[in-house]
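Handing you this structure, nothing more for now.
All values derive from a computational prediction rather than experimental measurement.
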Amino acid sequence: MTESNPKPERIGRLRSFLMIGGRRSLYLYCLLTGIVSGLGAFAFSRALAWGEFLMLYTAAGVNNTHPNGEYYVDLNPDPNLRIGRWILLFLPVVGGLVTGWIVTRFSRDSAGTGTDSMIDSFHNKEGKMESRVPFVKSISTIFTLSSGGSGGKEGPISQIGAGFGSLVATITRAGARARRTLLLAGTAGGLGAIFHAPLGGALTAVEMIYREDIESDSLIPCIISSVTAYLTYSGLNGFGSVYRVPEIGFEEYPELFFYAVLGILCFLNGSLFIHIFRKIQDWAAGWKIPDWLKPAIGGIPVGLIGFFLPEVIGTGAGVLQDALDGKQIFDPYIPNVLDALGINKIPEAIGLQGDGILSTTNLQKEFAVKRNLLLVLFFFGFAFLKILTTSFTIGTGGSAGMFGPALFIGGMLGGAVGTVTKMVLSTSVSVSSFILVGMGAFYAGIASAPIAGMVMICEIIGSYSLLPPLMVVSIISFVMSHKLTLYRNQKENRFQSPAHYWDMNRDVLEGIVVGQVSSLLRKIAVVRSSVLLSELEKESMKIQASDYVVLNEKEKYLGILSLRKIRHSPESREFATNLITVGDAADTAVPAASLDQSLASVLKLLLEFDLDKIAVTTTEGKEFLGYLRYAELMKVYFEATVPQKNRSIG
């Protein structure tokens, strides 16, 4: 006798072992997703740093500061490789050309922010994401940012984790709910790692998919993934906050008025940002040219702006670090403007205070006021130009995230308001505090994520001392922006999401009992306990059934036999031919439903025991009446929830 091949049996046992069977196994996979997200964030940050070093620093000569926790290449490039700043006129075009070709050729879902694609996957695709998307997104974003395109690096990093989470769900044959959870867990892992913000990453992932709600069911899995990714990334990259900040805090109550003004400005500029971005996005969609060419066209205005003001291209993280350090980031431009205005005579004995604000003695007051007002205009100007460069980069099909530009724009708005506050109050106001609050509040408004914006900023700087003004400004920005959103695929709340359509209508089945649908009961997949299991396996092929109701010799309900859950070894298969009966293999722990039970409780039994049918017996005893299938439950549900006028269509 030839022994059967045990390989399929081993594969079956392995798949059974790997399946997600509950919260504990789901948490384990979230842990694994976090490790992969952390490693992905580490690899991406290194690749991007080398790309920026070769193209922006070596070729173009742009030498920006880097945040405290960001990896950068600390080498002196060969002077012979430096082309000159004029190359910035062409770098965004070339980068856009390469990005457009990669995205169009390999994965169109990798264009744009990436976050919108993830949100769409959660709501409308059961958490499914192509396995190639994270890799293609990472490569295309490296070319976009390294060549001077304006954007953030959180998009591809979060998609690395999200893509792996979706892949895990596919391998383990997880259901839609577990798949969506792993998708968000991967997103949280990427954000938590790259921004050194384990709690902020988790909150951002569960908050960004709705405008006025959070995906609370996924919060714990997201925290597990985000913390794991943070520890993995920090173990390789180093611990500490992303930005180095001076002494900050909130001490003077009059500052609250100016913080409120900052909240209003965040709303107004956020509205402008979304409007411009949408206009450019829709405009580019109508261009009668190949899609791969569109990011290159978008790179033309980016290159022109970047040639004159390189601070508003790329990620902008280094400029924010300089502003937080109190460096005079506009010094390369202000003297020329002062000369053009005829204000080039600096009074003697004039001095500088922290944050670049001039002291205002009686002799120096006029000059200081003019210079500080010019500082305010530059802050606003840089914010507006960042809106333009980001919109042209991503709106035309470039690949990058939006969180980084949001921090830059909000930081510039905060710098402007902080400068005015210091002028008006004439106290030791911390402009850096206003910059940080603006960073969090601006993102809270445009992404409808106030909690995430507040916590993320606190973790990025490694301090919660700014939480009170952050709460005030973020809530003002969020409340005023309630009709605006940067992400088109965001849903208002759970009631509007296909992911929770069933949850929101579960009371429908609570009000229907089995007796009301007794006409739907069947008696086809029914077997007696004395039948040999081998015979049933052959018979099941005729009616394509996998779950059978088992009756005893008195025609009363005994249990359920699921052929899907029977795993034969070569030895057991040989014995099963003549020895094992259906009664031996039946699961007698599966209860039957009664006529007075609600359909909701029947559904719970089907899900709990992973069956496609449940037996129905009399209330008094175990007299078998028939069985109710999952398909019939769905039919009853949709007939009860779909409006009457739509029910007759087709």
Item to complete: May I ask you to check whether Tyr230 and Phe195 place their ring centres under 6.0 Å from each other?
Response: no
Discussion item. Taking the ring of Phe382 and the ring of Phe330, is the distance between their centroids below 6.0 Å?
Written reply: yes
Worksheet, complete the sentence: Minimal heavy-atom distance between Tyr233 and Ala193, with the atoms involved, is CD2-O, 3.2 Å
Worksheet item: So, Ser481 side chain and Phe478 main chain: donor-acceptor pair closer than 3.5 Å or not?
Response: no
Worksheet item: Do other residues, nucleotides or ligands put more than 12 heavy atoms under 6.0 Å from the CG atom of Asn76?
Response: no
Worksheet entry | Side-chain donor/acceptor of Ser138 to backbone N/O of Pro134, under 3.5 Å | yes
Practice prompt. Kindly say whether Pro198 contributes a backbone atom to a donor-acceptor pair with the side chain of Ser226 at under 3.5 angstrom?
Written response: yes
Worksheet item: Within a strict 4.5 Å, meaning less than it, do heavy atoms of the Val245 and Leu436 side chains meet?
Response: yes
Response to the item:
Heavy atoms of Ala197 and Met456 approach each other most closely as CB-SD, 3.5 Å
Item to complete: Report yes if some heavy atom in the side chain of Thr390 is under 4.5 Å from a heavy atom in the side chain of Phe277; otherwise report no.
Response: no
Discussion item. Within the supplied structure, the quantity of interest is the number of heavy atoms (other residues, nucleotides, ligands) at a distance under 6.0 Å from Phe308 CZ; does it exceed 12?
Written reply: no
Worksheet entry | Aromatic contact, Tyr243 with His196 (centres under 6.0 Å) | no
Practice prompt. Let me see the working for Leu413 and Phe380 under side-chain contact (heavy atoms from CB on, under 4.5 Å), right down to the final yes or no.
Written response: CA-CA 6 Å; Leu413 296 176; Phe380 281 124; 3.8 Å; yes
Practice prompt. Would you mind checking if Asp116 and Arg278 are paired as a salt bridge, meaning a charged N to carboxylate O distance below 4.0 Å?
Written response: no
Worksheet item: Between Val437 and Val473, what is the shortest heavy-atom contact and its length?
Response: CG1-CG2, 3.5 Å
Practice prompt. Give, for atom CH2 of Trp50 and atom CG of Leu75, the distance between the pair rounded to the nearest 0.5 Å.
Written response: 5.0 Å
Worksheet item: Which atoms form the tightest heavy-atom contact between Pro310 and Arg85, and what is the distance?
Response: CD-NH2, 3.2 Å
Item to complete: Can you run down the salt bridge (Lys or Arg N to Asp or Glu O under 4.0 Å) pairs that involve residues 37-59, sequence neighbours left out, and say none if there aren't any?
Response: none
Practice prompt. Would you please indicate yes or no on a ring centroid separation below 6.0 angstrom for Tyr72 and Phe53?
Written response: no
Discussion item. Just to verify, what does Ser399 make a side-chain contact (heavy atoms from CB on, under 4.5 Å) with, not counting sequence neighbours?
Written reply: Thr99, Lys137, Ser140, Thr141, Thr144
Worksheet item: Any donor-acceptor pair under 3.5 Å linking the side chain of Arg244 with the backbone of Gly69?
Response: no
Discussion item. Show the nearest heavy-atom pair for residues Ala441 and Ser477, with the distance to one decimal.
Written reply: O-OG, 3.2 Å
Discussion item. Side chains of Leu272 and Phe384, heavy atoms from C-beta outward: is any pair under 4.5 Å?
Written reply: yes
Worksheet item: If we ignore angles and hydrogens, is there a donor and acceptor under 3.5 Å between the side chains of Glu311 and Tyr333?
Response: yes
